[in-house]
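These notes are about the structure you will find just below.
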Amino acid sequence: MILSNSTKTHHLWRLTFSQQYRTLPFNKHEAEPRHRKKGHKTSSRNRYDAPFVNHVKEARDPGEALTLFHEYLQRGFKPDYPSYAALLYKLARCQDFGAVEEVLRNVEDNNVHCQETIFIALFHHYGKAQLVQKAVDLFNRMTRFNCVRTKQSLNGLLNVLVDNGWFLEANELFDRGYEMGFRLNSVAFNVMIKGWLEKGEWEQANKVFEEMLERRVEPSVVTYNSFIGYLCRNGELDKAKDLLEDMIKKGKRPNAITFALLMEGSCLIGEHDEAKKMMFDMEYRGCKPTVVNFGVLMSDLGKRGKIEEAKSVLHEMKKRHMKPDVVAYNILINYLCKESRAADAYEVLFEMQVGGCEANAATYRMLVDGFCGAGDFEGGLKVLNAMLTSGHFPRVETFRFMVVGLLKSGNLDGACFVLEEMEKRQMTFCPEDWEALVMESCRGDENGSVGEHVNELVLTMEA
DNA sequence: TTACAAACCT
């Protein structure tokens with residue numbers, strides 16, 4: 001425990017802290033008057049039927065979710081599939097895979113009938129954490145959960161294998177799919193094609209494409225987009241445009257993503273106006289531009305230091321009654337932070353929440369890092385608090401940077417808050433980090449007061 | 001938070 005003798009005051013402090021900095025209460029739900037909420041048909045029903053699910057969703061960290069689960073079990077609660085699924089989603093999203101395993105064993109023991117979707121989500125999270133073997137094992141174990149395994153989960157696992165470079169295993173699984181009697185669809189082929197193209201293996205990707213045709217699996221717009229994207233990334237815009245005409249001839253309608261890829265390709269070779277023109281061109285061809293297309297333009301402007309113009313593209317979207325999404329706002333926030341304009345970036349966060357768009361992990365990471373990079377650790381702390389409240393957390397480096405910065409500016413309470421949040425997520429500094437932390441904090445610390453605090457922290461963290 | 005292409009953060 002950190003500073004156990006002052007835990008009580010610490011919690012008090014956090015309460016006032018949260019109230020002080022909950023500056024963004026503009027969620028649709030919170031803004032809605034109470035009497036109208038009552039009449040809302042789904043929310044009140046769900047709340048009544050599934051208290052555990054709602055509790056779990058509100059849990060701030062995996063530890064809290066798990067404690068809740070055990071409390072419910074002790075009270076004789078028999079979890080059903082939605083309860084297990086909510087818990088597993090929470091734990092997996094926080095990357096607490098030890099807890100995931102524990103809950104899975106519990107699911108197995110209780111013979112709960114499971115849906116395939118939860119396993120697909122777990123594969124995804126295992127894959128993101130590079131725990132590929134865990135995903136494979138779970139795929140093999142799936143049938144023990146009274147779960148029907150279809151090509152959906154095969155595709156999900158295949159994607160994990162390919163994204164992590166396990167091509168041999170991916171090929172094996174591909175063949176196994178046929179042995180299992182699945183009629184593989186275009187998604188499986190698209191996953192393989194994507195993998196080869198990411199490795200720069202155009203020939204291999206084409207082989208898969210040939211096999212696709214041989215097996216009479218119809219290529220989809222995604223298939224073409226993969227190839228078009230590859231050509232665009234490699235500066236071969238002309239060939240990409242040829243492929244566009246090719247797909248149209250074959251009766252495959254390009255979509256907004258097809259054109260977004262071509263727009264990016266244009267920007268890459270310096271033809272910025274061409275990208276803009278392509279927006280009109282696509283509309284002429286009966287394909288309405290979407291937020292993705294506007295996003296490409298914004299990114300291009302941001303890269304070239306034209307932030308104000310990027311901002312006006314965002315407003316152009318609003319004028320056209322398009323709702324900019326989180327990525328559109330993120331593009332702006334990213335470039336503002338890079339120009340050390342964290343305060344302006346914070347304004348954009350405010351604007352997006354007013355516009356009913358929820359910030360994601362990337363939004364918060366950029367902002368916290370933006371404030372800290374500008375030396376404004378109080379500002380960073382303010383965003384960190386909103387970040388944690390919404391269930392996201394920053395990188396370890398950011399945490400470390402914040403602790404040092406807060407200590408330096410004499411904000412011991414803030415530093416403790418950050419350390420405690422880390423502890424809750426089982427994030428800890430490695431010895432080298434501690435050393436760096438101590439060294440950093442002692443620099444320019446004339447009367448040794450900061451060093452004293454750090455020593456205290458080291459001792460309490462190690463305990 | 002039912003797989004694949006895609007603009008943002010690692």
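Chain letters run A, B, ... following the sequence lines, proteins first, then strands; residues in each count from 1.
Residue A/R395 is classed as a sugar-phosphate contact, given heavy-atom separations below 4.0 Å to backbone atoms only. Heavy atoms of A/H125 sit under 4.0 angstrom from primed sugar atoms or phosphate atoms, though from no base atom. A/D325 comes within 4.0 angstrom of a nucleotide base, judged by non-hydrogen atoms across all strands. Heavy atoms of A/L261 sit under 4.0 angstrom from primed sugar atoms or phosphate atoms, though from no base atom. Among the heavy atoms of the strands, none lies under 4.0 Å from A/N293. Within the 4.0 angstrom heavy-atom criterion, base atoms lie near A/V292. When heavy atoms are screened at a 4.0 angstrom cut-off, A/Q115 is found touching no nucleic acid atom at all.
Under the ring-ring contact (aromatic ring centres under 6.0 Å, His included) criterion, A/F123 pairs with no residue, sequence neighbours left out.
Within the 3.5 Å criterion, the main-chain N or O of A/V160 finds a donor-acceptor partner in the side chain of A/N164. Panel note: side chain A/R233, backbone A/G265; no donor-acceptor pair is recorded below 3.5 Å.
When DNA chain B is scanned 5' to 3' for any atom under 4.0 Å from a heavy atom of chain A, the first and last hits are B/dT1 to B/dT10.
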| query | Please walk me through it: do A/K241 and A/E274 pass salt bridge (charged side-chain N to carboxylate O under 4.0 Å, His left out)? | reply | CA-CA 13 Å; A/K241 282 182 174 173; A/E274 170 75 10; 2.9 Å; yes
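Centroid-to-centroid, the aromatic rings of A/F399 and A/F393 stay 6.0 Å apart or farther. Proximity of the aromatic rings of A/F209 and A/F227 is defined here by a centroid distance below 6.0 angstrom, and this criterion is met.
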